[in-house]
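Report on the following structure.
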Amino acid sequence: MMSELKNDVMLRALMRQPVSRTPVWIMRQAGRYLPEYRDVRAEAGNFMNLCRNPELACEVTMQPLRRFKLDAAILFSDILTIPDAMGLGLYFESGEGPKFKNPVQSANAIRSLRVPDVEKKLSYVFDAVRTVRRELNGEVPLIGFAGSPFTVGTYMVEGGSSREFSKIKGLAAEAPDVLDHLMDIVAETTAEYLNAQIEAGAQAIQIFDTWGATLEPDDFRRFSMASMQKIIDGLTREKDGRRIPVILFTKGAGPLLSDLADTGCDALGVDWTTDLSTAREYVGDKVALQGNLDPAMLRESPEAIRQGVADTLASYGEGPGHVFNLGHGITPDIDPDRLGVLVDAVHELSPDFHQ
């Protein structure tokens, strides 16, 4: 039997239930800014070896929790495990990020894609989830995650990282039905993948939509938001008597947050380009909000970081439904002590907003 959660403040905040303080976790909290992470990655040999080794993936998932009073662990993995399971041949070029040996750059290649046997091809991810849950021993909840179909599809079509997104935007303009098909296949696979994470022990889910907001609003609704909606509609939403909250994070969403609030998600991540007070106006009381300190603030003095935390808490204001986070992932150049300042400030300052 899995142990009962000792700290469920994040899950309660995501459900907009009353809490005594604002919970905090950090996107990419297991990562290169931690020297102990760099040591384990060196031991693994490369990034994918680290992802595919459940014991090492567990170790790096746990590292930030040993340093900081965080309210959740997030599984160490990558959003591109799904296309890798589809046979696209994921690899990482040093200094260049992810690439695929077999990108899908024609209508025929896209139409020939099939939903892979997720349980078999991605068993290492679910083994990692089970290993982390055992190691956590009920201290804090574990967040599972996946990329949005549009974000994952962008890498699949472009063949790697892109600045212009010319191939996938060309597809949206010239062969939208082909892009619809790609979104459907990735959404179906992602729902199966996330349900398997939930079955293995993930207690909340985040969908990372890094590139959706680079689309025109109508294309965003058709290709990015509709595919995330399909995933949400297909997810297991309760396990072991608890609801499994779902967070959508579309970078740069701005006014689109009001549309995203209607997808059936429980919470929306907000990047630092939208004030939380404005985001609250967009979404009303429909969903919780997560965010949204600018990651660059962690390069500033401890006093500036504390002020940034205070301003972020004040921007959300009083009442339940706020999970503190950065507006995007923590960057590799950050001194871990600066993150400690942020976490301590949230613990110290947030109770005033929950009287």
Side-chain angles (χ1 to χ4, degrees), residues 1-8 10-11 14 23 25-31 37 40-41 44 47-66 70-86 90 115-148 152 186 188-208 231-232 234-249 266-267 323 329:
M1 267 300 281
M2 295 287 188
S3 50
E4 188 55 35
L5 261 180
K6 297 169 189 135
N7 172 358
D8 67 352
M10 188 201 72
L11 298 183
L14 289 173
W25 70 277
I26 300 297
M27 289 186 279
R28 287 203 209 117
Q29 65 189 25
Y37 168 86
V40 175
R41 177 158 168 174
F47 179 79
M48 284 312 293
N49 285 352
L50 182 48
C51 289
R52 291 191 181 114
N53 183 314
E55 281 69 35
L56 294 184
C58 173
E59 168 58 24
V60 295
T61 299
M62 296 298 296
Q63 284 173 346
L65 301 173
R66 295 181 194 130
L70 295 159
D71 293 300
I74 182 163
L75 176 68
F76 182 80
S77 187
D78 193 84
I79 64 167
L80 299 180
T81 51
I82 282 179
D84 191 46
M86 291 178 166
L90 176 64
V115 175
D117 182 337
V118 166
E119 291 279 2
K120 187 171 162 192
K121 293 280 181 89
L122 295 171
S123 59
Y124 62 89
V125 176
F126 316 128
D127 288 343
V129 171
R130 285 185 280 269
T131 306
V132 173
R133 275 296 303 271
R134 275 198 303 276
E135 190 72 20
L136 281 170
N137 194 29
E139 288 299 328
V140 294
L142 174 62
I143 304 167
F145 74 92
S148 72
V152 171
V186 178
E188 189 181 336
T189 307
T190 303
E192 287 188 20
Y193 177 56
L194 290 173
N195 280 337
Q197 289 187 37
I198 291 165
E199 186 57 36
Q203 292 150 295
I205 293 297
Q206 176 151 314
I207 299 171
F208 285 88
I231 295 168
I232 292 169
L235 285 184
T236 303
R237 299 302 286 275
E238 194 166 304
K239 184 149 191 295
D240 301 331
R242 270 188 183 276
R243 185 168 171 85
I244 309 289
V246 178
I247 310 158
L248 295 188
F249 175 61
D266 299 287
V323 173

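Contact annotation: the side chain of Ile26 never approaches that of Pro64 to less than 4.5 Å [non-hydrogen atoms, C-beta and beyond]. At least one side-chain heavy atom of Ile198 sits under 4.5 Å from a side-chain heavy atom of Ile205. You'll find the side chain of Leu11 reaches within 4.5 Å of the side chain of Pro245, heavy atoms only.
Qualifying salt bridge (Lys or Arg N to Asp or Glu O under 4.0 Å) partners for Arg41, counting only residues two or more places apart in sequence or in other chains: none. Partners of Ser123 according to the side-chain hydrogen bond (donor to acceptor under 3.5 Å, both in side chains) rule, which considers only residues two or more places apart in sequence or in another chain, do not exist here. Under the side-chain hydrogen bond (donor to acceptor under 3.5 Å, both in side chains) criterion, Asp84 pairs with Arg52, sequence neighbours left out. For Asn49, the side-chain hydrogen bond (donor to acceptor under 3.5 Å, both in side chains) criterion is met by no residue, not counting sequence neighbours. Remark: Glu59 engages Val40, Gln63, Arg66 in a side chain to side chain contact (heavy atoms under 4.5 Å, CB included) (not counting sequence neighbours). Legend: residues meeting side chain to side chain contact (heavy atoms under 4.5 Å, CB included) with Arg237, ordered by chain and number and at least two apart, are Ile232, Leu235, Arg243, Val246, Asp266. For Gln206, the side-chain hydrogen bond (donor to acceptor under 3.5 Å, both in side chains) partners are Gln290, not counting sequence neighbours.
Here OG1 of Thr190 is found 12.0 Å from CZ of Phe145. Values are rounded to the nearest 0.5 Å. Taking CD of Glu135 as the start and OG1 of Thr61 as the end, the distance is 10.0 Å to the nearest 0.5 Å. Taken from CZ in Phe208 to CE in Met27, the straight-line distance is 6.0 Å, to the nearest 0.5 Å. Rounded to the nearest 0.5 Å, atoms CD1 (Ile244) and OG1 (Thr236) are 8.0 Å apart.
Here the closest non-hydrogen pair linking Leu56 and Ala44 is CD1-CB, 3.9 Å. Smallest separation of non-hydrogen atoms from Met10 and Asp71: CB-O, 3.9 Å. Nearest heavy-atom pair, Val140 versus Ala73, reported as atom, atom and distance to 0.1 Å: CG2-N, 3.8 Å. In plain terms, the two heavy atoms of Gln197 and Val129 that are nearest each other are O-CG1, 3.7 Å. Nearest heavy atom pair, residue Ala72 against residue Leu65, reads O-CD2, 3.6 Å. Looking at every heavy atom in both residues, Gly144 comes nearest to Ala202 through N-CB, 3.8 Å.
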Test log, rule side-chain contact (heavy atoms from CB on, under 4.5 Å), inputs Leu50 and Tyr37: CA-CA 10 Å; Leu50 182 48; Tyr37 168 86; 3.8 Å; yes
Result block: side-chain N/O donor-acceptor pairs under 3.5 angstrom for residues 74-82, not counting sequence neighbours:
{"from": "Asp78", "atom 1": "OD2", "to": "Leu80", "atom 2": "N", "distance (Å)": "2.8"}
{"from": "Thr81", "atom 1": "OG1", "to": "Asp78", "atom 2": "O", "distance (Å)": "3.3"}
{"from": "Thr81", "atom 1": "OG1", "to": "Tyr193", "atom 2": "OH", "distance (Å)": "3.1"}

Under 3.5 Å, which donor-acceptor pairs do the side chains of residues 115-122 form with other protein atoms, sequence neighbours left out?
{"from": "Asp117", "atom 1": "OD1", "to": "Glu119", "atom 2": "N", "distance (Å)": "3.3"}
{"from": "Asp117", "atom 1": "OD1", "to": "Lys120", "atom 2": "N", "distance (Å)": "3.1"}
{"from": "Lys121", "atom 1": "NZ", "to": "Ala85", "atom 2": "O", "distance (Å)": "3.4"}

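Under the 3.5 Å distance criterion, the side-chain polar atoms of Asp240 are left unmatched by any main-chain donor or acceptor of Gln203.
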